Structures are given as C-alpha cells and as structure tokens.
Amino acid sequence: MSDVYIQKKKCGGSATVINLRLDISPMVQFIHCIKSANFLRLHRSSGLGQPLVFLFPSERGSAEFVSNRRHSDIQSLPPPVGNIMASGQQPPSRPSFHPQTYHNFLVLDFEATCDKQLIKPQEIIEFPILKLHGRTLEIESVFHTYVQPIVHSELTPFCTELTGIVQSMVDGKPTLQQALQMADDWMRNEGLLNPKVNSIFVTCGDWDLKTMLPGQCQDLGLPVPDYFKKWINLKKAYSFAMGNYPKNGLPFMVKGLNLEHIGKLHSGIDDCKNIANIMKELARRGFTFKQTGSNL
Ligand code: AMP
Ligand code: MG
Ligand code: MG
C-alpha cells in the first residue's frame, strides 16, 4: 500500500472525504482520498507510472500528479476511512462511522422464478444474507443457498438471463422450507437469535419481506419467523439520506454515491454486496439507519 499525492486543480463538493475513481489503464480502481486546501491524499495498492485521470463526484475535474513521496503540506491529514473496494479487499483504515442503533445489519436479496410476463406463483431460487457489523458495516459472515423451485421447476431463459442462475444451480438444492431452516441455524450460530442482539434485515425495496417471502410461506403453509417481519428498505433510507428517491434501485444508488457496481445486477449475492457498499457509504457520510417497514 503506497500513498500518492495529487495536487488539486479543481474539486467539487464540500465534503472533506470523497471517493475518486482512479483509471489506470487497464485497471479501474476505487480509492479514497482526503481533501486538504491544495492536495488530495490517495491510498492505493500498486505503483504509479501512467498519466492519471480522476473523476470527481460532483463535477468532472482534473488533477495533476505531484509526488509519490510524503509532502509536508499534508502530513497532518487524518487517515482515510474504510470502504469495501471493488476487489472486495479493505485498505488499512480506521473507520469513523456515525454510531448506528443496531448491532448487526442483515442484508438480504431474494431472486425468484420469473418470465417476461408475470408468473404465479413466483418462487425463491436464491437466498443470500450478509451479516454486517452494526458500526463498521464490514461483512462478518455470509449465508447463501440456491433454492429448488417446485411449481415452475424449470427456469425460463428470461430468468437465467436476468439473474445468471442456470438450471443446474437450483436442481437438487434445498426447498424453501429447508433453506429457511438453514438460515435459522446460521442465525443461531451467529448469535443473532440472542434477544440482547439487536439486528434488522435490509433489502432493496419492500418486495422481499413484504410480498415474496410471506406470499410463498403462505402458499406452502409455513410460518414466517418474526425476524423477517421488520426491515429497512434501502431505497427509502437512500432517499432520506440523499434527498432523491432511487427509482431504478441499485444502479441509481451506486452511481449516486460514486461507487463501482460489483458483480452482476440481479444476482442475489452480488446485489447484497452492492447493498452493503451503499450502506457503508451512507454510514460513512453520517447517515443512521432506521427501520422502514414491518409485517407485525
Ligand atoms: P432483484 O432483487 O431486483 O434482482 O429482483 C428480484 C426478483 O424480481 C428477480 O429474481 C425476478 O424474479 C424479479 N425481477 C426483477 N427484475 C425483473 C424484470 N425486469 N422482469 C421480470 N422480473 C424481474
Ligand atoms: Mg432485490
Ligand atoms: Mg436481486
């Protein structure tokens, strides 16, 4: 990990900590910088050699490379805050997040059978949960299983195209009832069923826990555990934090926060990672997450 110092020519926004997209052909990296009067301190993981182009978050500006050695003008700058990088790796950091009211956030994003036209009933085919630390929003544990659909057991080409899930990924996999039991076991192992541990699910929209899970559980005569009956809708949280509602969901929020989209849109596990990144960035900007929905 080396520090690179860039003299600022033009940089929009009033935030003291901003994200930059650093294009070093052929790589595109996300990095952090801390803005001082004249310098941006950048943390990156590899050497420097090529001309650099920086895209600033609120306006496109240019930056001039100054030195890859420590500069006296910026020695007093604080260390960068952490972020989930595109590679999934963390830069060394001392996060300074606004305190949250939950011990853990549980990021959930179901994928379900679908076709060009609405199909009924839809059935869950991917069931991922990321356990995030409530203050740092780091990923602490992952639950993930594909789920065997029963009514429409053959995935449509549309569904495979949309989600990246092919037939062999769901064939022979647990039924929803079994997947719910596996998720419950994982929750217990992670200490999430301890009444003293305050956690809440986070989804992109209300569909997962307001419509999809209760609907399929009702069809199957299965009870819905209480922990699935309250949640944070990330789209609402984003609109509270940023002042605009993300109509097209994840891509809008990723772009609005100058983050890089990870993986494939509509892959459940990748969607969860992007949700986690968005949450981490909102928390870093000082947002406190609160419950937005309930089935209780
Ligand atoms: P998402 O979490 O946005 O990836 O979507 C969850 C589920 O909603 C998908 O697995 C599909 O069943 C359904 N879905 C999402 N987008 C579409 C779409 N454009 N057309 C049909 N179904 C969709
Ligand atoms: Mg979703
Ligand atoms: Mg999804």
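Just so we're clear, the structure is a prediction, and the values are computed from it rather than from any experiment. Both counts, for ligands and for their atoms, begin at 1 and track the order of listing.
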> Closer than 4.0 angstrom: is that true for some heavy atom of L118 and an atom of ligand 1?
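It does not, in that no heavy atom of L118 comes within the 4.0 Å cut-off of ligand 1.
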> May I ask you to identify, for K116, whether its side chain, its backbone, both or neither come under 4.0 Å of ligand 1 on a heavy-atom basis?
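Looking at K116 and ligand 1, no heavy atom falls under 4.0 Å.
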> Near T113, which atoms of ligand 1 are under 4.0 Å from a heavy atom of that residue?
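By the 4.0 Å cutoff, the relevant atoms are 12 (O).
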> Got the closest protein heavy atom to atom 10 (O) of ligand 1, with its distance?
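So the nearest neighbour among protein heavy atoms is E111 OE1, 2.6 Å.
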> Find the distance between CG (N277) and CD1 (I262) and round it off to the nearest 0.5 Å.
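Nearest 0.5 Å value for the CG-CD1 distance: 4.0 Å.
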> Quick check: closest heavy atoms across L155 and P149, and the distance to 0.1 Å?
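Nearest pair, atom of L155 first, then P149: CD2-CG, 4.3 Å.
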> Judging by distance only, is a nitrogen or oxygen of W207 under 3.5 angstrom from one on ligand 1?
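Among all N and O atoms of W207, none is under 3.5 Å from an N or O of ligand 1.
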> Over all heavy atoms of both residues, which pair between P174 and M182 is shortest? Give the atoms and the distance, please.
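Taking P174 first and M182 second, the nearest heavy atoms are CG-SD, 3.6 Å.
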> Among all protein heavy atoms, pick the one closest to atom 3 (O) of ligand 1 and tell me residue, atom and distance.
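Ranked first by proximity to atom 3 (O) of ligand 1 is H266 ND1, 3.2 Å.
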> Give me the residue, atom name and distance of the protein heavy atom closest to atom 13 (C) of ligand 1.
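Protein heavy atom at minimum distance: Q122 NE2, 4.1 Å.
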> With heavy atoms under 4.0 Å as the rule, classify the contact between I125 and ligand 1 as side chain, backbone, both or neither.
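Neither part.
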> Can you tell me which portion of D271 lies within the under-4.0 Å heavy-atom range of ligand 1? Options are side chain, backbone, both, or neither.
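It is the side chain that touches ligand 1; the backbone stays farther off.
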> Could you check H144 against Y146 for ring pair (Phe, Tyr, Trp, His ring centres under 6.0 Å), going step by step and ending with a plain yes or no?
CA-CA 7 Å; H144 184 249; Y146 292 100; 4.8 Å; yes
> Are the side chains of V151 and E123 in contact, using a 4.5 Å heavy-atom criterion?
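Heavy-atom side-chain distance check passes, below 4.5 Å.
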> Report the relative orientation of the aromatic rings in F143 and F127; use parallel for angles under 30°, tilted for 30 to 60°, perpendicular for over 60°.
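The arrangement is perpendicular - the two ring planes meet at more than 60°.
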> Going by the side chain to side chain contact (heavy atoms under 4.5 Å, CB included) test, name the single residue among D208, V202, N295 that passes it with W231.
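One option only clears the test, and that one is N295.
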> Answer with yes or no whether the side chains of E190 and S141 bring together a donor and an acceptor at under 3.5 Å.
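E190 and S141 do have a side-chain donor-acceptor pair below 3.5 Å.
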> Do D271 and L265 have side chains that approach each other closer than 4.5 Å (heavy atoms only, starting at C-beta)?
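They are in side-chain contact.
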> I'd like to verify the contacts: list protein N, O or S atoms under a distance of 2.8 Å from the Mg ion (ligand 3).
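Checking every protein N, O and S atom gives D109 OD2, E111 OE2, D271 OD2.
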> Among all protein heavy atoms, pick the one closest to atom 12 (O) of ligand 1 and tell me residue, atom and distance.
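Protein heavy atom at minimum distance: A112 O, 2.8 Å.
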> Could you walk me through whether D185 and R188 satisfy the salt bridge (charged side-chain N to carboxylate O under 4.0 Å, His left out) test, starting with their C-alpha distance in whole Å, then the side-chain angles of each, then the deciding distance to 0.1 Å, before giving a yes or no?
CA-CA 5 Å; D185 294 344; R188 190 175 306 282; 5.4 Å; no
> Does a sphere of radius 6.0 Å around CD in E140 hold more than 12 heavy atoms from other residues, nucleotides or ligands, not counting ones at 6.0 Å or beyond?
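Count over threshold, so yes.
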> Which ligand 1 atoms are under 4.0 Å away from a heavy-atom of F110?
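Matching atoms, with element in brackets: 2 (O), 6 (C).
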> Looking only at distances, can you tell me whether any N or O atom of C114, backbone or side chain, sits closer than 3.5 Å to an N or O atom of ligand 1?
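Min N/O separation from ligand 1 is not below 3.5 Å for C114.
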> Who's closest to atom 17 (C) of ligand 1 heavy-atom-wise, of D208, T163, I119, L162?
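Of the listed residues, L162 has the closest heavy atom.
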> Provide, to 0.1 Å, the distance between atom 20 (N) of ligand 1 and the closest protein heavy atom, together with that atom's residue and name.
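Going atom by atom, the protein heavy atom closest to atom 20 (N) of ligand 1 ends up being F158 CZ, 3.4 Å.
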> Side chain or backbone, does D109 bring an N or O within less than 3.5 Å of an N or O on ligand 1?
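Yes, D109 has an N/O under 3.5 Å of an N/O on ligand 1.
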> Side chains of N198 and H103: closer than 4.5 Å at any heavy-atom pair?
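Touching, per the 4.5 Å side-chain cut-off.
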> Quick check: do R285 and M242 have side-chain heavy atoms less than 4.5 Å from each other?
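A side-chain contact under 4.5 Å exists here.
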